[in-house]
Amino acid sequence: MEFEQLLTLFKETHQELQKRAARPVDISLVIRNWLFGWYIVEFEQGGSDRSDLYGKRLIERLADNLTARMGRGFSKRSLEQSRRFYECYKEIAQALPAQSLSEVTERQEIPLTLPDQSQNATSIISNILPTVSEELANRFVLGWTHYVSLLSVANPDERRFYEIEASKNSWGARELERQIASSLYERLALSRDKEGIRSLAQTGLVIEQASDVVKNPYVLEFLGVEEKVAYSEHELESAIIDHLEHFLLELGKGFLFEARQKRFTFDNDHFYVDLVFYNRLLRCYVLIDLKRDKLTHQDLGQMQMYVNYFDRHVKTEDELPTIGIVLCHRKNDALVELTLPRDSNIFASKYQLYLPSKEELKRQLEEAAGIEHRENTDDV
């Protein structure tokens with residue numbers, strides 16, 4: 001294929017997908033940009049003569065020529081993004097149906113290849129693009145702005161996790177960027193084994209039990225509480241309520257706010273639950289108690305009393321048992337394990353006012369992997 005044929009492929013693909021934009025325009029843009037990236041990579045790998053002739057200036061030349069012929073939308077930066085997009089999702093090319101691409105197939109082990117000099121780019125686009133674009137539309141579930149954000153994620157499993165979660169939870173592009181910046185994947189991965197991490201990449205966060213709803217640790221950077229040496233429970237609670245929408249997203253899936261300082265009376269004594277939520281996916285109440293300092297036996301006992309009261313006097317028979325969560329500044333996992341039954345729904349989660357860095361989270365993952373490796377070695 002010559003450079004002029006490559007330009008024709010870009011032009012015909014762009015124009016054909018413009019015509020087919022009865023589907024959501026953003027999906028057509030995603031498909032077009034994946035194909036653009038494929039064109040570039042295949043052309044670059046087409047032989048040493050092309051590499052010598054164009055070198056690193058291929059994208060620059062494409063941008064200049066396409067802009068001159070077709071107008072805006074073909075900058076060097078956008079073409080570089082398309083190339084990167086294809087590189088991140090190039091496995092899709094192997095999954096496309098070979099029979100629909102027979103006219104451009106030169107090597108059976110690689111279903112999708114660029115046409116050679118004897119093939120007409122216009123006729124090939126009109127013949128294969130309808131089927132190929134349909135297949136790509138079934139694979140890509142987000143808009144182009146979302147995928148631009150996902151390009152910043154180097155780990156393929158992590159990238160796939162965010163893609164699934166953004167689609168399932170209808171995250172806008174800004175919310176997706178916030179979740180990536182908060183290292184949601186790494187924080188969930190910290191509490192899972194290898195199979196659990198692999199499941200995150202394949203299916204996202206699936207709610208099957210209470211522990212799937214609770215994210216440990218909670219990251220409350222969105223609270224916007226200015227840095228102080230200490231925070232009162234009232235200040236933290238007020239900040240959570242003020243930022244309730246984001247808090248629910250951070251807390252987990254399916255949470256609905258019900259009450260603040262919920263009062264109930266038992267044996268003529270009044271008790272107050274700091275925050276009460278209802279989870280529509282689990283169909284159960286979620287009680288939250290906010291503590292400023294070290295978690296104590298008394299704190300856990302108090303939460304157990306709250307949970308027991310809601311199970312006996314508030315929830316209906318068809319609802320699942322109540323979940324209790326104690327948010328505290330520090331967490332003593334040994335204390336929790338000794339105090340609570342193994343299957344208890346009470347969780348002690350530490351809140352962090354400022355996010356740990358990616359490096360810190362990776363160190364925790366590495367340390368956890370090292371401990372697991374040493375335990376497996378000791379068993380041998």
Side-chain angles (χ1 to χ4, degrees), residues 1-21 23 26-47 50-51 53-63 65-66 70 73-117 119-144 146-148 150-151 156 159-160 163:
M1 170 183 281
E2 298 297 331
F3 183 75
E4 282 299 319
Q5 284 184 294
L6 181 63
L7 287 172
T8 302
L9 271 178
F10 273 83
K11 177 183 176 182
E12 296 294 337
T13 299
H14 174 72
Q15 292 179 343
E16 181 64 25
L17 283 169
Q18 273 188 325
K19 297 174 186 176
R20 296 172 60 80
R23 69 176 68 239
D26 212 18
I27 294 297
S28 293
L29 182 61
V30 170
I31 296 170
R32 187 205 72 170
N33 290 343
W34 185 90
L35 289 170
F36 280 6
W38 169 64
Y39 297 160
I40 293 170
V41 170
E42 285 289 303
F43 189 84
E44 289 174 336
Q45 297 175 349
R50 292 179 185 169
S51 179
L53 180 60
Y54 300 106
K56 295 181 179 179
R57 295 191 64 250
L58 173 62
I59 290 181
E60 187 176 335
R61 286 195 60 186
L62 277 171
N65 280 268
L66 290 170
M70 303 174 64
F74 303 95
S75 67
K76 178 182 175 182
R77 180 172 177 272
S78 66
L79 293 179
E80 287 173 341
Q81 284 180 335
S82 295
R83 187 188 190 284
R84 169 70 174 148
F85 183 45
Y86 170 78
E87 289 283 7
C88 288
Y89 293 90
K90 60 184 176 183
E91 78 282 354
I92 295 174
Q94 304 293 334
L96 292 175
Q99 63 270 24
S100 68
L101 305 168
S102 57
E103 291 192 58
V104 294
T105 299
E106 296 177 335
R107 305 185 303 277
Q108 288 298 320
E109 67 273 15
I110 301 180
L112 202 56
T113 59
L114 291 181
D116 58 30
Q117 297 183 37
Q119 294 173 300
N120 182 276
T122 302
S123 63
I124 289 172
I125 289 297
S126 61
N127 287 331
I128 72 167
L129 194 58
T131 302
V132 172
S133 62
E134 192 68 32
E135 292 292 331
L136 293 176
N138 291 333
R139 168 58 183 83
F140 293 121
V141 294
L142 302 173
W144 177 239
H146 290 78
Y147 283 110
V148 171
L150 289 173
L151 294 183
R159 185 167 56 244
R160 180 62 178 152
E163 183 182 12

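Computed from a predicted model, the values in this text were never measured in an experiment.
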Please round to the nearest 0.5 Å and tell me the distance separating atom [atom1] of [X] and atom [atom2] of [Y].
{"X": "I59", "Y": "E80", "atom1": "CD1", "atom2": "CD", "result": "5.0 Å"}
{"X": "F10", "Y": "S82", "atom1": "CZ", "atom2": "OG", "result": "7.5 Å"}
{"X": "L58", "Y": "Y39", "atom1": "CG", "atom2": "OH", "result": "14.5 Å"}
{"X": "K11", "Y": "L66", "atom1": "NZ", "atom2": "CG", "result": "10.5 Å"}

For R32, the option from V30, L35, L29 that meets side chain to side chain contact (heavy atoms under 4.5 Å, CB included): L29
Would you say the side chain of [Y] lies within less than 4.5 Å of the side chain of [X], judging by non-hydrogen atoms?
{"X": "L142", "Y": "L150", "result": "yes"}
{"X": "R83", "Y": "F36", "result": "no"}
{"X": "F140", "Y": "I92", "result": "yes"}
{"X": "K90", "Y": "V41", "result": "no"}

Parallel, tilted or perpendicular: ring planes of W34 versus W38, cut at 30 and 60 degrees: parallel
For the student: nearest non-hydrogen atoms of A63 and S75, plus distance: CB-C, 3.9 Å
Candidate pair I40 and Y86, rule side-chain contact (heavy atoms from CB on, under 4.5 Å), full reasoning: CA-CA 9 Å; I40 293 170; Y86 170 78; over 6 Å; no
Aromatic ring proximity, centroids under 6.0 angstrom, F85 and Y89: yes
Under the side chain to side chain donor-acceptor pair (under 3.5 Å) test, residues paired with E163 that sit two or more places apart: R139, Y147, R160
